Amino acid sequence: MTVSTPQPSPTFKPLYKQVQELITERIIEGSWKPGEILPSEFQLADLLGVSQGTVRKALNALTEDNVLFRRQGVGTFVSEHTLQKMMFHFFHFKSDNGDVPELPYAQLLETRLITPNDSLRTLFDIAPDEKVIEIHRVRSIKNTASIRELIYLPHRYFMDLDKEEKLPHSLYHYYQQHFNITVHKATDKIKAVLADEQDQSVLNIAAGQPLLEITRTARALDGRTVEYRISRANSQDLHYLVELN
């Protein structure tokens, strides 16, 4: 693999930041895949034409940002989404009774290709003639339908996903493994809503029952918005938990 040496730019960035961006670009391009070990600091320094100290600083920054992880005495690896990591990092619903959290079972109701509205086109920064995939599914916790989800994905990033008859419970792991898209950051917005007809049917609840609605905008390593998700949850036995460090 040939990697160009970082060059000064009109807008100055520290050299380690330039190296950090180059490594991120190679991960996005698939040169280093999720779970794969990176070359050693010495090899990366030689490859990029910079000092080992600069490489170490870049790797430390990427590790702090969870793009990479280290195994003591082994090396530095590209982070990957696993079911266990997903449960604690991106899924924030917890049972009110204090049970150990579990990743819910997801049942696919429908997947289709749609013409997006103006809001989705703007969010995904796509052309007027581009399509969006809509996934409709229900998530059950302890055999009880608890969360109805509508998930929107730009078709350009997830070609032919709309043709799949089955999808796994952990979509972020699936995105990473099949489309080389790592969901790196997500922004959730929460508000109270009343159940509509679809909520009543899917979640088997009464008309007008209060629900928690969480809208999520998920971004990839390079900052692209790759998913918009609407989750409407029956919070009768659930709460939404975020731990602040």
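Owing to the predicted nature of the structure, the values given are computational and were not obtained by experimental measurement.
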*Should the heavy atoms of other residues, nucleotides or ligands under 6.0 Å from CG of N117 be counted, would the total exceed 12?*
yes
*Decide yes or no on salt bridge (charged side-chain N to carboxylate O under 4.0 Å, His left out) for R216 and E227, but give the supporting numbers first.*
CA-CA 8 Å; R216 168 174 292 178; E227 182 197 82; 5.4 Å; no
*Can T187 and R219 be said to form a side-chain hydrogen bond (donor to acceptor under 3.5 Å, both in side chains), step by step?*
CA-CA 9 Å; T187 302; R219 295 175 295 280; 3.2 Å; yes
*Distance-only polar pair, side chains of T54 and S51, donor-acceptor under 3.5 Å*: yes
*asked:* Contact between Y174 and L167 at the side-chain level, heavy atoms closer than 4.5 Å - yes or no?
replied: yes
_Using a 3.5 Å distance criterion without hydrogens, assess whether the side chain of S40 forms a donor-acceptor pair with backbone atoms of Q43._
yes
*Y172 and A218: which non-hydrogen atoms are nearest, and at how many Å?*
OH-CB, 3.9 Å
*With K163, which residues qualify under salt bridge (Lys or Arg N to Asp or Glu O under 4.0 Å), at least two apart?*
D160
*May I ask you to list the residues sharing a hydrophobic cluster with F42, side-chain cutoff 4.5 Å, ordered by chain and number?*
none
*Shared ILVMFWY cluster between L62 and V50, side chains joined below 4.5 angstrom?*
yes
*Is a donor on one side and an acceptor on the other found under 3.5 Å between the side chain of S31 and the backbone of I27?*
no
_Shortest non-hydrogen contact from R156 toward A127_ = NH2-N, 4.4 Å
*Is there a path from L203 to I151 through hydrophobic residues (I, L, V, M, F, W, Y) whose side chains come within less than 4.5 Å of each other?*
no
*asked:* Give me the atom names and distance for the closest heavy-atom approach of P39 to L44.
replied: O-CD1, 3.7 Å
*Shortest non-hydrogen separation from H184 to V67 and the atoms involved*: CE1-CG2, 3.6 Å
*To the nearest 0.5 Å, how far apart are OG in S146 and CD1 in I141?*
4.5 Å
_Between E213 and I230, does the side-chain contact (heavy atoms from CB on, under 4.5 Å) criterion hold? Intermediate values first, please._
CA-CA 7 Å; E213 180 181 87; I230 303 171; 4.0 Å; yes
*Linking I/L/V/M/F/W/Y whenever any side-chain heavy atoms sit under 4.5 Å apart, do I190 and V193 land together?*
no
_Let's go through S201 and Q198 carefully: what are the C-alpha distance in whole Å and the side-chain angles of both, what is the deciding distance for side-chain hydrogen bond (donor to acceptor under 3.5 Å, both in side chains) to 0.1 Å, and is it a yes or a no?_
CA-CA 5 Å; S201 174; Q198 281 192 300; over 6 Å; no
*Mind checking the NZ-CD1 spacing from K131 to I126? Nearest 0.5 Å is all I need.*
10.0 Å
*Heavy-atom distance under 4.5 Å between the side chains of R70 and T63, does that happen here?*
yes
*So do the side chains of R229 and L150 get within less than 4.5 Å of each other, counting heavy atoms only?*
no
*asked:* Quick test of your reading: applying ring-ring contact (aromatic ring centres under 6.0 Å, His included), list the pairs with at least one residue in residues 128-162, sequence neighbours left out, ordered by first then second residue.
replied: F158-Y175, F158-F179
*Considering residues at least two apart in sequence or located in another chain, which fulfil the salt bridge (Lys or Arg N to Asp or Glu O under 4.0 Å) criterion with E21?*
K13
*asked:* Counting only heavy atoms not in E197 (residues, nucleotides, ligands), do more than 12 fall under 6.0 Å from its CD?
replied: no
*asked:* Restricting to non-hydrogen atoms, name the atom on A195 and the atom on A206 that form the minimum distance, rounded to 0.1 Å.
replied: CB-O, 4.0 Å
_D199: which residues meet the salt bridge (Lys or Arg N to Asp or Glu O under 4.0 Å) condition with it, sequence neighbours left out?_
R148, R232
*So do the side chains of I135 and L161 get within less than 4.5 Å of each other, counting heavy atoms only?*
yes
_Grouping I, L, V, M, F, W and Y whenever their side-chain heavy atoms are under 4.5 Å apart, do F124 and I133 come out in a common cluster?_
no
*For L171 and P168, work out which heavy atoms get closest and say how close.*
CD2-O, 3.8 Å
_Side-chain heavy atoms of Q209 within contact of N234, under 4.5 Å_ = yes
_Would you say that L38 contacts L59 through its side chain, given a criterion of any heavy-atom pair below 4.5 Å between the two side chains?_
yes
*So how far is it from L68 CG to I23 CD1, rounded to the nearest 0.5 Å?*
7.0 Å
_Chi angles and distances behind the side-chain contact (heavy atoms from CB on, under 4.5 Å) call for T215, D188_ = CA-CA 6 Å; T215 55; D188 286 0; over 6 Å; no
_Using 0.5 Å steps for rounding, measure from the CD atom of Q107 to the NE2 atom of H169._
10.5 Å
*Under the salt bridge (Lys or Arg N to Asp or Glu O under 4.0 Å) test, residues paired with D222 that sit two or more places apart*: R224
*Rounded to the nearest 0.5 Å, what's the gap from NZ on K191 to CG on L212? Could you check?*
12.0 Å
*Intermediate values then yes/no, side-chain contact (heavy atoms from CB on, under 4.5 Å), V132 and Y228*: CA-CA 10 Å; V132 164; Y228 180 69; over 6 Å; no
*Would you confirm whether T122, through its side chain, and D118, through its main-chain N or O, come within 3.5 Å as a donor-acceptor pair?*
yes
*Drop me the distance from L123's CG to T225's OG1, to the nearest 0.5 angstrom.*
5.0 Å
*Heavy-atom side-chain proximity of L211 to L194 below 4.5 angstrom*: no
*Would you kindly confirm whether I114 and L109 end up in one hydrophobic cluster when ILVMFWY residues are joined by side chain heavy atoms under 4.5 Å apart?*
no
*Where the side chain of E36 meets the backbone of K33, is there a donor-acceptor pair that is under 3.5 Å apart?*
yes
*Quick one: do the R71 and T76 side chains pair a donor with an acceptor below 3.5 Å?*
no
